Amino acid sequence: MITGQCRCGAVTYAMTLDALPPIYACHCHICQRVSGSAFSVQALVPENTLTVSGPVFVREIVTEDRTSVQRYCGECYARIYNTNTRRPGIAVVRAGTLDRSEELVCKAHIFTDFKQQWVTIPDDVPQWGEFAPPDEFVAALMR
Ligand SMILES: [Zn+2]
Ligand SMILES: [Zn+2]
């Protein structure tokens with residue numbers, strides 16, 4: 001079982017996974033603005049492995065070709081995960097909310113065209129300037 005929580009601890013979650021999931025970093029401007037940081041780190045996990053408890057605040061973001069449903073802690077508003085109608089059944093978990101996050105391994109970087117210049121990515125970690133082709137991206141995460 002893999003577990004995590006928000007900053008204040010009101011929202012906790014558990015995933016029926018045997019090991020910490022692979023994570024990737026996104027350097028796009030949306031991820032920078034929403035996190036207030038240089039990039040976001042996220043894990044893609046089957047939504048049906050995830051059980052969340054606590055006061056979750058849900059916000060739907062509708063754009064022309066998709067609806068993104070963001071879940072936050074309703075007390076401290078830390079972002080926990082989102083789903084997206086373009087990827088049904090997949091939860092995008094904010095990796096910094098995972099317990100044992102110091103053990104995570106970042107397997108890929110996307111939207112590096114927008115990367116802050118002080119961030120150095122190891123040469124052996126796959127990276128793409130914008131979106132990664134889905135098959136190459138999955139292969140990188142599973143590597
Ligand atoms: Zn909280
Ligand atoms: Zn992004």
Side-chain angles (χ1 to χ4, degrees), residues 1-17 20-47 49-143:
M1 194 73 86
I2 297 297
T3 55
Q5 66 168 62
C6 66
R7 178 180 174 176
C8 79
V11 171
T12 59
Y13 63 88
M15 298 185 288
T16 52
L17 302 175
L20 283 165
I23 65 166
Y24 67 94
C26 181
H27 298 261
C28 82
H29 281 158
I30 291 172
C31 286
Q32 293 195 39
R33 291 202 168 101
V34 91
S35 66
S37 185
F39 50 84
S40 64
V41 280
Q42 300 170 145
L44 303 178
V45 301
E47 192 178 9
T49 67
L50 181 61
T51 306
V52 181
S53 40
V56 174
F57 172 76
V58 177
R59 176 168 171 253
E60 285 197 3
I61 301 171
V62 181
T63 48
E64 51 196 41
D65 62 341
R66 74 191 75 180
T67 299
S68 171
V69 183
Q70 303 281 335
R71 278 83 163 183
Y72 306 80
C73 169
E75 298 288 339
C76 71
Y77 291 93
R79 294 200 314 160
I80 306 294
Y81 76 102
N82 74 282
T83 51
N84 186 315
T85 51
R86 275 166 50 112
R87 275 190 301 224
I90 300 294
V92 186
V93 176
R94 311 297 162 210
T97 64
L98 285 161
D99 295 333
R100 297 166 49 208
S101 60
E102 65 276 12
E103 297 173 36
L104 291 166
V105 177
C106 189
K107 303 274 196 168
H109 292 256
I110 59 172
F111 281 86
T112 55
D113 287 353
F114 305 91
K115 178 176 79 60
Q116 293 186 16
Q117 61 177 349
W118 57 270
V119 176
T120 304
I121 299 171
D123 289 338
D124 61 345
V125 177
Q127 53 181 286
W128 291 271
E130 295 192 6
F131 284 113
D135 50 334
E136 291 179 38
F137 188 59
V138 170
L141 290 180
M142 295 303 142
R143 204 166 58 107

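Counting convention: from 1, in listed order, for ligands and their atoms alike. All figures in this text were calculated on a predicted structure; none of them were measured in a lab.
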Relative to the ring of H27, is the ring of F39 parallel (under 30°), tilted (30 to 60°) or perpendicular (over 60°)? tilted
List, one per line, each side-chain donor-acceptor pair under 3.5 Å for residues 51-65, sequence neighbours excluded.
| from | atom 1 | to | atom 2 | distance (Å) |
| --- | --- | --- | --- | --- |
| S53 | OG | T12 | OG1 | 3.2 |
| R59 | NH1 | Y72 | OH | 3.4 |
| T63 | OG1 | R66 | O | 3.3 |
| D65 | OD2 | R86 | NH1 | 3.2 |

Hey, is the main chain of F114 close enough, under 3.5 Å, to the side chain of Q32 for a donor-acceptor pair? yes
Test your reading of the model: is there a side-chain donor-acceptor pair from R100 to the backbone of L98, 3.5 Å cut-off?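 Such a contact is absent between R100 side chain and L98 backbone.
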For the pair S68 and Q70, evaluate side chain to side chain donor-acceptor pair (under 3.5 Å) and give the outcome as yes or no after the intermediate values. CA-CA 6 Å; S68 171; Q70 303 281 335; 2.9 Å; yes
Stepwise, does the side chain to side chain contact (heavy atoms under 4.5 Å, CB included) test hold for R71 with V11? CA-CA 10 Å; R71 278 83 163 183; V11 171; over 6 Å; no
When rounded to the nearest 0.5 angstrom, what distance separates NZ in K107 from OH in Y24? 15.5 Å
Not counting sequence neighbours, which residues clear salt bridge (Lys or Arg N to Asp or Glu O under 4.0 Å) with R79? List them please. none
What protein N/O/S atoms are found closer than 2.8 Å to the Zn ion (ligand 1)?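 C6 SG, C8 SG, C73 SG, C76 SG, with waters left out.
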Sub-2.8 Å protein N, O or S atoms surrounding the Zn ion (ligand 2): C26 SG, C28 SG, C31 SG
Is it true that Y13 and Y81 have ring centroids separated by less than 6.0 Å? no
